[in-house]
Amino acid sequence: MLDMKLFRTETEYVKERLATRGVASQTIDELITLDTKRRDLIQETEQLKAKRNVVSEEIAVAKRNKQDASAVIAEMQAVGAKIKSIDAELETVEASIFSIASHLPNMPHESIPVGPDEEANVEIRTDGQIPEFDFEPKNHWEIGEDLGILDFERGAKVAGARFLYYVGQGARLERAIYNFMLDEHRKEGYKEMLTPYMVNYDSMFGTGQYPKFEEDAYRVGVENDMTLIPTAEVPLTNYYRDEVIPAEKLPVYFTAVSPSFRQEAGSAGRDTRGLIRLHQFNKVEMVKFAKPEDSYNELEKMVTNAENILQRLGLPYHVINLSTGDMGFSAAKTYDLEVWMPAQNMYREISSCSNTEAFQARRAHIQYRDADGKLQFVHTLNGSGLAVGRTVAAILENCQNADGTVTIPEALRPYFGADKIVKEDEL
RNA sequence: GGAGAUAUGGCAGAGUGGUAAUGCAGCGGACUCGAAAUCCGCCGAACCCGUGUUGAACGGGUGCGCAGGUUCAAAUCCUGUUAUCUCCUCCA
């Protein structure tokens, strides 16, 4: 959520910045009209309430003195009715303001490329050696199925398309990867957490998924409305919802592994095979709460933390700065890490690190007291470190051998307990 | 799942229809070489609106877990709801 004051005071600037994210300037005009209306109504009702307070005191005095107050009371009944009708009107105006404001995306940071879509993204740097094969490299799902460590067929039977079983060494590889990632992040100062996998509406609102993207999430429960988390960012960021974080604790770093549940509405037909696009996948997440003046420095450090995982695993990748058109709803600036996938001969997203500035903090009411003791919104950041399923896919493809086995990256061997994946017994 | 209790500033804690006590903490001062203790004073209920400033102030409204309702007037009465605690039930 953006600061209403900004719309009033910096109207043209806000219009210009939000236009880069596809927000029509009429929407801002409408918002400002409603805001003016709101403030007029507030003044109107508050004057009447001030009168009511004064007269109520007079009535109290009269009653104490056993005097008749029925004439004044009758007069106040009319005032009360007027207040009620103005307040009702005010309520509808505020509801309109809320429904517009809560659907507006964050303002993009000055340093990001302007453009309508991913074509405008800018590559920042590349790292790692793209592997050369003296054989035709296989897709990761072929490798996984041939080795008997990924079972998509039975996943589809038991749950549906875009679900799978990891089998034997596959399950062990997944576990090795997220244990490795969590240990790395713990060393970098992140507090390891385990979070709820279902959250309430307010939490989904706080991080910006709701109300605009309700169709992307899995809603469960009839009596009490819960949502399966689409990312651990939601429970981690909402940890401090409606709280004031003591300034000396900032910055706060959290990390957690969790499943992420996504409907993938609108991506029918894309990435229908393999580990790239699933309704349920594991992800190690990083979340930070920082003072505004530190948040962009913290973003750079977070990207470094995600890159470190790829470097330790020896996976080639590049870092891109997302354009205004490709960025997520809550983000002011986002770096994506894309890992090289040999079989597809292209980079695929494996991490996304964003600074949302005060956008989420304003929705979720997460504050701290600055040096003057004033309440300020913190800045929140989130990043994947990394998507575990896609990491499995990248390892299978980049580390595959001609004989169909897969070599385990050095850093993972203590976690995996072997140096290569060999064919599983048939089940 | 059933029954009961509780929810008020940073903390503790009064307030059963007339418009949020008090204590601790905090800030300033007196006393003191200094501190503690003591005494005096101030401040404090996340917020919103207006005038003003740009991080001075003033005025008004709101605010007692949350959302509604009754009333001229609600922390107080009514309804719903959430969280916590205790007991029962169930369970890993």
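Just so we're on the same page: letters track the sequence lines, and every chain starts at 1.
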Does either side chain, that of K283(A) or that of T231(A), offer a donor lying less than 3.5 Å from an acceptor on the other one?
yes
Which nucleotide in the set rC72(B), rG60(B), rG18(B) lies at the smallest distance from any side-chain heavy atom of A60(A)?
rG18(B)
Interatomic distance at P, rU62(B) relative to rA67(B), whole Å:
15 Å
Counting only distance, no hydrogens or angles, is the base of rG50(B) paired donor-acceptor with the side chain of Q43(A) under 3.5 Å?
no
Indicate, with a heavy-atom threshold strictly under 4.0 Å, whether L375(A) touches base, sugar-phosphate, or nothing.
sugar-phosphate
When you check the gap from the basic side-chain N to the acidic O, do R348(A) and E397(A) get nearer than 4.0 Å?
no
Could you tell me how far apart E293(A) (CD) and rG55(B) (P) are, to the nearest whole angstrom?
17 Å
Identify whether any heavy atom of K51(A) sits under 4.0 Å from a base atom; if not, whether one sits that close to sugar-phosphate; answer base, sugar-phosphate or nothing.
nothing
Check whether any side-chain N or O of R52(A) sits under 4.0 Å from OP1 or OP2 of rU71(B), and answer yes or no.
no
Distance check, C1' atoms only: rU8(B) and rC64(B), in whole angstrom units.
4 Å
How would you label the contact of R362(A) with the nucleic acid (heavy atoms, under 4.0 Å): base, sugar-phosphate, or nothing?
nothing
Run the salt-bridge test on K333(A) and E110(A) with the 4.0 Å N-O cut-off and return the result as yes or no.
no
Between rG61(B) and rA46(B), how far is it from one P atom to the other, in whole Å?
15 Å
Roughly, in whole Å, what's the span from NZ in K49(A) to C1' in rG63(B)?
12 Å
P spacing across the pair rC48(B) / rA30(B), given as an integer number of angstrom:
38 Å
Can we say R154(A) and D151(A) salt-bridge, meaning some charged N sits less than 4.0 Å from an Asp/Glu carboxylate O?
yes
Could K187(A) and D183(A) be called an ion pair, given the rule that one side-chain N must be under 4.0 Å from one carboxylate O?
no
How close or far is atom P of rG55(B) from atom NZ of K5(A), stated in whole angstroms?
16 Å
Between K15(A) and D29(A), is there a salt bridge with N-O shorter than 4.0 Å?
yes
Is the distance from OP1 or OP2 of rG60(B) to the nearest side-chain N or O of N53(A) less than 4.0 Å?
no
Nearest-angstrom distance, P atom, rG1(B) to rC90(B):
15 Å
Within this structure, what is the CZ-to-P distance between F377(A) and rA46(B), rounded to whole angstrom?
14 Å
Considering only NZ, NE, NH1 and NH2 on the basic side and carboxylate oxygens on the acidic side, decide whether K49(A) and D87(A) come within less than 4.0 Å.
yes
A cation-pi test, strictly: NZ or CZ of R172(A) under 6.0 Å from the centre of the six-membered ring of F416(A) and no more than 45 degrees from its axis. Yes or no?
yes
State whether K84(A) places a side-chain N or O below 4.0 Å from either non-bridging phosphate oxygen (OP1 or OP2) of rU70(B).
yes
Sugar-phosphate only, base, or nothing, as touched by Q47(A) at under 4.0 Å among non-hydrogen atoms
nothing
Using only side-chain N and O atoms of R38(A), determine if any of them is under 4.0 Å from OP1 or OP2 of rC49(B).
yes
Distance, P atom - from rC27(B) to rU6(B), rounded to whole angstrom
36 Å
Does N200(A) have a side-chain nitrogen or oxygen under 4.0 Å from the phosphate oxygens OP1 or OP2 of rU82(B)?
no
From the set rC48(B), rC72(B), rG50(B), return the single nucleotide nearest to any side-chain atom of M76(A).
rC72(B)
Along RNA chain B (nearest heavy atom to each residue), the more 5'-positioned of V72(A) and Q367(A)
Q367(A)
Rounded distance (Å) that lies between atom C1' of rU62(B) and atom CD1 of I86(A)
16 Å
Hey, are K37(A) and D40(A) close enough for a salt bridge, meaning a charged N less than 4.0 Å from a carboxylate O?
no
side-chain hydrogen bond (donor to acceptor under 3.5 Å, both in side chains), that's the test. Do E298(A) and S295(A) meet it? Break it down for me.
CA-CA 5 Å; E298(A) 293 294 346; S295(A) 68; over 6 Å; no
Atom-to-atom span, CD1 of I42(A) to P of rU51(B) - whole angstrom:
13 Å
Which one, rC49(B), rU19(B), rC72(B), comes nearest to the side chain of Q77(A)?
rC72(B)
Take atom CD1 of I83(A) and atom P of rA74(B), then tell me their distance rounded to the nearest Å.
10 Å
Quickly work out the I97(A) CD1 to rC48(B) P distance and round it to whole Å.
14 Å
Side chain of R39(A) (C-beta onward), nearest among rG50(B), rC48(B), rC72(B):
rG50(B)
Dot-bracket pairing map - RNA chain B, Watson-Crick plus G-U, both contacts under 3.5 Å, | cross-strand
((((((((.[[[..)..(...]]].(((((.......)))))....(((((.....)))))...[[[[[..)....]]]]])))))))....
Please report the distance separating the P of rA20(B) from the corresponding atom of rG60(B), rounded so that it comes out in whole Å.
13 Å
C1' gap between rU51(B) and rU32(B), integer Å:
47 Å
